Amino acid sequence: MKLTLLTAIYTIAQVSALAPLEPPLGKVLLGAWYDRNLTDTPVAVNARINYKPLAFFQTDVDFSSTLKPWTAPSVVIPQFLRQLNETQTDAIAYLTVYPFQGFANITDAQLQDMANRLNQMVDAGHSVLLRFASEMNGNWFTYGQDPIGFIASWKRCITFWRNALGEKKNKVAFVWSPNSGNGYPFPGGEYAINVNGTDQATLDNLKVMDTNQNGILDYLDDPYMPYYPGDEYVDWVGMSIYHYGKEWKWVDNVVPEADKFEHYLQGNPTNGNSSGYYPFYSFFSGPSGCVSNITNEVVSRGNKPLLISETAATFHFAYLNVSSTANPNNCSVPYCQSTATRLDIKRAWWRSFLNQNFVDKFPMMKAISTFEFIKEEELTWRDFTMFGPAPNPYGDTEESVAQATAVVNGFTADAQAGMFPFLVYANAVQTTGAVAATKTSSAASRHFFKCLVEMVGLVFSLI
Ligand SMILES: *[C@@H]1O[C@H](CO)[C@@H](O)[C@H](O)[C@H]1NC(C)=O
Ligand SMILES: *[C@@H]1O[C@H](CO)[C@@H](O)[C@H](O)[C@H]1NC(C)=O
Ligand SMILES: *[C@@H]1O[C@H](CO)[C@@H](O)[C@H](O)[C@H]1NC(C)=O
Ligand SMILES: *[C@@H]1O[C@H](CO)[C@@H](O)[C@H](O)[C@H]1NC(C)=O
Ligand SMILES: *[C@@H]1O[C@H](CO)[C@@H](O)[C@H](O)[C@H]1NC(C)=O
Ligand SMILES: *[C@@H]1O[C@H](CO)[C@@H](O)[C@H](O)[C@H]1NC(C)=O
Ligand SMILES: *[C@@H]1O[C@H](CO)[C@@H](O)[C@H](O)[C@H]1NC(C)=O
Ligand SMILES: *[C@@H]1O[C@H](CO)[C@@H](O)[C@H](O)[C@H]1NC(C)=O
């Protein structure tokens, strides 16, 4: 009796304990990945939204300074800190760390340097969401589709950083974040695993990736579980989710279906080829977790807070090689056909997950990062922004600025109309040392449950 009750209480406490930086149930942090390289800034994003300051800002670094020197931590992080400071808020620093040099080439010196910088960010009043080697199940990054190499590297890096952070590790959350599984294993990518490879490392990887064990790596294999390092090494889970249009070749401007975002997050067995087959949220954030088909072991006990790591509904505003020199904003037949405006497309997207029903249905979705970029990808020039107009490398017309402005104004109008009561924004800070309300409450509830467990344990041991 005594043991059963105690076990129950410990279980409740465990379920209720919050991960680092996790807001309380029913609350969702909103943030943005801004185009640092093209002179966008957090202050400028907040000004364009013209409502409340975003809870976090995202930027990216790469350990290897040889590939792209301007992405080295020593260049990016001091600038990032200055730009966060300019917001005069306690905004969380969301750092995407790319190991483009390859897992095996990461040195202890690089890990120590990053640990020092994490310490510095926390000391400056900015907690950190750190997303390491994101989209590792994709084949567009140098380190992609190497689950065994990824997991070993993840464990090494996260263990190193947690040890180096000591007490401060409660202010740094490590985010494991694959790409949404629709289209997996993404045939044709530059860094796709070689399905005909005969070296031992490739054979070992193929064995864990072939989750239905039918000897073929294809769309019916689980795109997530093979890459999961284990609950104890992961604070948050995350996923990249995008709307590019209706179908490949992704050149048409269409309003996303209301359930598209949900289907990317959870899979859709009846339309798995376009949505993915596997329920990511249930596996890692739901109450039951998931079991490996191959080893029959528990992969995750679930209950992980979920960050939508990067999301956008794209608007294709020019087709490459057709209009690029003529007019940067020309989207004529037969390309980039529009059945909708930028605002129609993007508002349908944000309303599909920024609504109370969705938040109630997926209560562990605790943070969302928008992708504030205008860039060239595949066949088109794309406006991903929700809080634009962001700097446009291809030049702007009055028309495109007006369209992008209508989008951010549409978001602000929705927010002012009270459509997002669950969103959490940043707190104003005048001096260093002040602590965010949400962070205080996370720490406080953790502490509360710990005390509760100790007190109840004491009472029972006295009975
Ligand atoms: C980012 O900025 C650097 C340095 O100014 C430049 O060399 C690089 O081409 C830029 N990258 C992109 C993607 O614009
Ligand atoms: C490590 O770096 C070397 C030299 O740049 C490169 O040839 C090698 O492929 C890298 N290793 C991995 C695992 O990426
Ligand atoms: C693997 O081998 C099969 C059969 O020989 C071939 O059809 C396929 O193109 C090969 N795939 C790759 C990625 O080399
Ligand atoms: C693997 O696991 C998934 C999800 O639990 C399940 O739907 C699928 O049927 C399993 N496949 C096999 C081959 O056991
Ligand atoms: C999914 O795609 C595969 C490979 O192209 C195809 O063989 C299969 O029939 C498709 N399944 C569905 C349900 O469309
Ligand atoms: C837009 O592109 C189409 C197709 O290439 C071309 O015929 C047309 O002249 C362009 N319009 C403008 C305004 O540039
Ligand atoms: C655009 O033109 C360049 C140069 O002719 C070519 O290399 C590239 O593949 C073309 N891109 C597309 C998307 O057609
Ligand atoms: C910004 O930096 C200044 C100088 O270090 C510091 O006094 C101030 O508290 C910082 N502001 C914020 C919001 O962190």
Side-chain angles (χ1 to χ4, degrees), residues 33-43 46 53-57 59-93 96 98-110 119-128 132-133 136 139-154 156-157 171 190-194 197 199-202 204-205 371-377 381-382 384 390-395 425-437 439:
W33 191 353
Y34 66 105
D35 195 346
R36 165 194 93 228
N37 214 48
L38 286 175
T39 72
D40 204 4
T41 63
V43 162
N46 283 341
L54 292 181
F56 62 84
F57 287 93
T59 201
D60 58 290
V61 295
D62 174 17
F63 286 126
S64 59
S65 47
T66 46
L67 240 66
K68 300 174 182 172
W70 65 92
T71 64
S74 59
V75 176
V76 173
I77 293 178
Q79 182 198 46
F80 192 29
L81 265 181
R82 272 198 308 279
Q83 295 183 338
L84 289 173
N85 182 289
E86 282 163 17
T87 66
Q88 290 293 306
T89 71
D90 62 351
I92 292 166
T96 289
Y98 290 124
F100 286 142
Q101 73 204 65
F103 295 129
N105 286 332
I106 299 172
T107 66
D108 279 356
Q110 288 171 330
N119 257 299
Q120 195 193 355
M121 286 187 267
V122 170
D123 287 344
H126 303 286
S127 302
V128 182
F132 175 69
M136 79 305 288
N139 50 31
W140 42 87
F141 292 140
T142 51
Y143 55 81
Q145 295 191 345
D146 170 14
I148 293 173
F150 166 78
I151 288 176
S153 185
W154 176 281
R156 172 188 170 212
C157 296
K171 301 266 187 195
E190 190 177 353
Y191 300 100
I193 187 163
N194 177 5
D199 61 293
Q200 199 55 45
T202 302
D204 291 346
N205 271 330
F371 186 71
E372 298 299 319
F373 287 77
I374 293 176
K375 63 186 257 206
E376 179 186 319
E377 253 186 18
W381 289 354
R382 299 172 175 175
F384 290 84
N392 184 343
Y394 312 108
Y425 298 88
N427 299 292
V429 170
Q430 299 309 328
T431 54
T432 46
V435 183
K439 284 180 221 151

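Being a predicted model, the structure only gives us computed values, none of them experimental. Start at 1 and go down the list; that is how both ligands and their atoms are numbered.
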Test side chain to side chain contact (heavy atoms under 4.5 Å, CB included) applied to W70 and N37, step by step: CA-CA 8 Å; W70 65 92; N37 214 48; 3.2 Å; yes
Could you tell me whether the side chain of F103 reaches within less than 4.5 Å of the side chain of F150, counting heavy atoms only?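 Result yes, sub-4.5 Å side-chain heavy-atom pair found.
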R36 and D60, any side-chain heavy atoms less than 4.5 Å apart: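 Side-chain contact under 4.5 Å: yes.
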Using side chain to side chain contact (heavy atoms under 4.5 Å, CB included), reason through Q145 and T202 one step at a time and then give a plain yes or no. CA-CA 10 Å; Q145 295 191 345; T202 302; over 6 Å; no
For G102, take its heavy atoms, then give the atoms of ligand 2 lying under 4.0 Å from any of them.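 Taking each heavy atom of G102 in turn, ligand 2 has 12 (C), 14 (O) under 4.0 Å.
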Subset of ligand 8 atoms that lie under 4.0 Å from at least one heavy atom of V429: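 Numbered from 1, ligand 8 contributes 13 (C).
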Which parts of the protein, at residue level, reach under 4.0 Å of ligand 1 through a heavy atom?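 If the criterion is a heavy atom under 4.0 Å, then ligand 1 touches N37, W70.
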Stepwise, does the side chain to side chain contact (heavy atoms under 4.5 Å, CB included) test hold for I193 with N139? CA-CA 8 Å; I193 187 163; N139 50 31; over 6 Å; no
Among L81, D90, I92, exactly one meets side-chain contact (heavy atoms from CB on, under 4.5 Å) together with H126. Which residue is that?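 That would be L81; it is the only one of L81, D90, I92 passing the side-chain contact (heavy atoms from CB on, under 4.5 Å) with H126.
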Of all residues at least two apart in sequence or in a different chain, which pass the ring pair (Phe, Tyr, Trp, His ring centres under 6.0 Å) check with F384?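 With sequence neighbours excluded, F384 shows a ring pair (Phe, Tyr, Trp, His ring centres under 6.0 Å) to Y242, F371, given in chain and number order.
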Are any of the N or O atoms of H126 closer than 3.5 Å to those of ligand 8?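 Between H126 and ligand 8 (N or O atoms, distance only) the closest approach is not under 3.5 Å.
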